[in-house]
Amino acid sequence: MATKKVADSTLYHLSPKGFWKKFRDAVVVNPEISSGLPLQGVNRFPPPGSRPEKYSTPATKASDVAQNPYWKRDVRRAYPQLSVITQTGLSSLLIEHSTPQAVAAPAEADAADGSKAVSTTREPLELAAAISKITQSTKVYSESNLPPTLMLAYPRWQPERAPDAPHSQHAYFPMHLYK
């Protein structure tokens with residue numbers, strides 16, 4: 001016949017002895033509950049701090065002093081990396097992205113026998129010439145097509161004069177109030 005296994009709450013925990021056992025029996029609400037203090041020799045084997053060998057930190061790339069300089073570890077000085085864009089580079093980017101990219105239909109791509117279109121490289125233009133070239137071909141912004149604005153969760157503050165604070169008529173610095 002199978003025996004019923006039950007977890008014994010006092011098996012691996014300290015129980016009071018002597019006066020404190022009598023005191024606990026008199027005061028406790030539930031005498032079957034454990035103290036919650038684990039037995040030192042039974043709970044963890046081997047107990048912490050009982051091993052004879054000393055702990056050694058495993059060698060990693062960070063523990064090598066020659067490969068871990070301070071400036072790499074110092075996160076307070078992790079400034080954003082600067083990038084340089086020249087006027088000729090910016091003008092070539094503006095010209096490339098001013099015209100919408102044409103995507104070939106799938107039927108046309110199959111008919112082309114897998115030949116890829118060769119991109120033409122343009123000579124670098126000055127920025128002013130690139131901007132004038134783009135604005136001549138298409139009107140960038142008009143009254144009906146305005147540039148994007150920042151979306152605000154609250155209305156923009158418009159200064160309104162409030163009644164002035166009391167001051168003398170000939171004050172050197174009169175106070176003007178706005179709401």
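Everything numeric in this text was worked out from a predicted model, so none of it was measured. The first residue in the sequence is number 1, and the count goes up from there.
For the side chain to side chain donor-acceptor pair (under 3.5 Å) test, residues two or more places apart in sequence or in another chain that qualify with Thr88 are Thr86. Under the rule for a side-chain contact (heavy atoms from CB on, under 4.5 Å), Thr149 has no partner lying at least two apart in sequence or in another chain.
The CG atom of Leu150 sits 10.5 Å away from the CZ atom of Arg156 when rounded to the nearest 0.5 Å. Residue Ile131 holds its CD1 atom at 8.5 Å from CD of Gln87, rounded to the nearest 0.5 Å. The CD1 atom of Ile134 sits 4.5 Å away from the CG atom of Leu94 when rounded to the nearest 0.5 Å. Rounded to the nearest 0.5 Å, atoms CG (Leu39) and NE2 (His13) are 8.0 Å apart. Lys21 NZ to Ser15 OG: the interatomic distance, rounded to the nearest 0.5 Å, is 7.0 Å. Between atom NZ of residue Lys72 and atom CD of residue Gln67 there is a gap of 7.0 Å, rounded to the nearest 0.5 Å.
Scanning both residues, Ser91 and Ala130, for their nearest heavy atoms gives CB-CB, 3.4 Å. What you find for Leu146 and Ser142 is that their closest heavy atoms are CD2-O, 3.3 Å. Scanning both residues, Asn68 and Ala62, for their nearest heavy atoms gives ND2-O, 2.8 Å. Pairing each heavy atom of Arg76 with each of Tyr70, the nearest pair is NH2-OH, 2.9 Å. Looking at every heavy atom in both residues, Arg24 comes nearest to Pro31 through NH1-O, 3.7 Å. When all heavy atoms of Met175 and Ala165 are compared, the closest pair comes out as SD-CB, 3.9 Å.
No side-chain heavy atom of Val84 sits less than 4.5 Å from a side-chain heavy atom of Leu82. Side chains of Tyr178 and Arg161 form a contact here, defined as non-hydrogen atoms less than 4.5 Å apart. Within the 4.5 Å cutoff, side-chain heavy atoms of His176 are placed close to those of Asp164.
Residue-environment remark: CZ (Arg73) exceeds the threshold of 12 foreign heavy atoms within 6.0 Å. No more than 12 heavy atoms of other residues, nucleotides or ligands sit less than 6.0 Å from atom CH2 of Trp71. Around atom CD of Glu53, more than 12 heavy atoms belonging to other residues, nucleotides or ligands sit under 6.0 Å away.
With Ser35 contributing its side chain and Leu14 its backbone, the two residues share a donor-acceptor pair below 3.5 Å.
Taking the six-membered ring where tryptophan is involved, the planes of Phe23 and Phe19 are essentially parallel, since the angle between them stays under 30° and well short of 60°.
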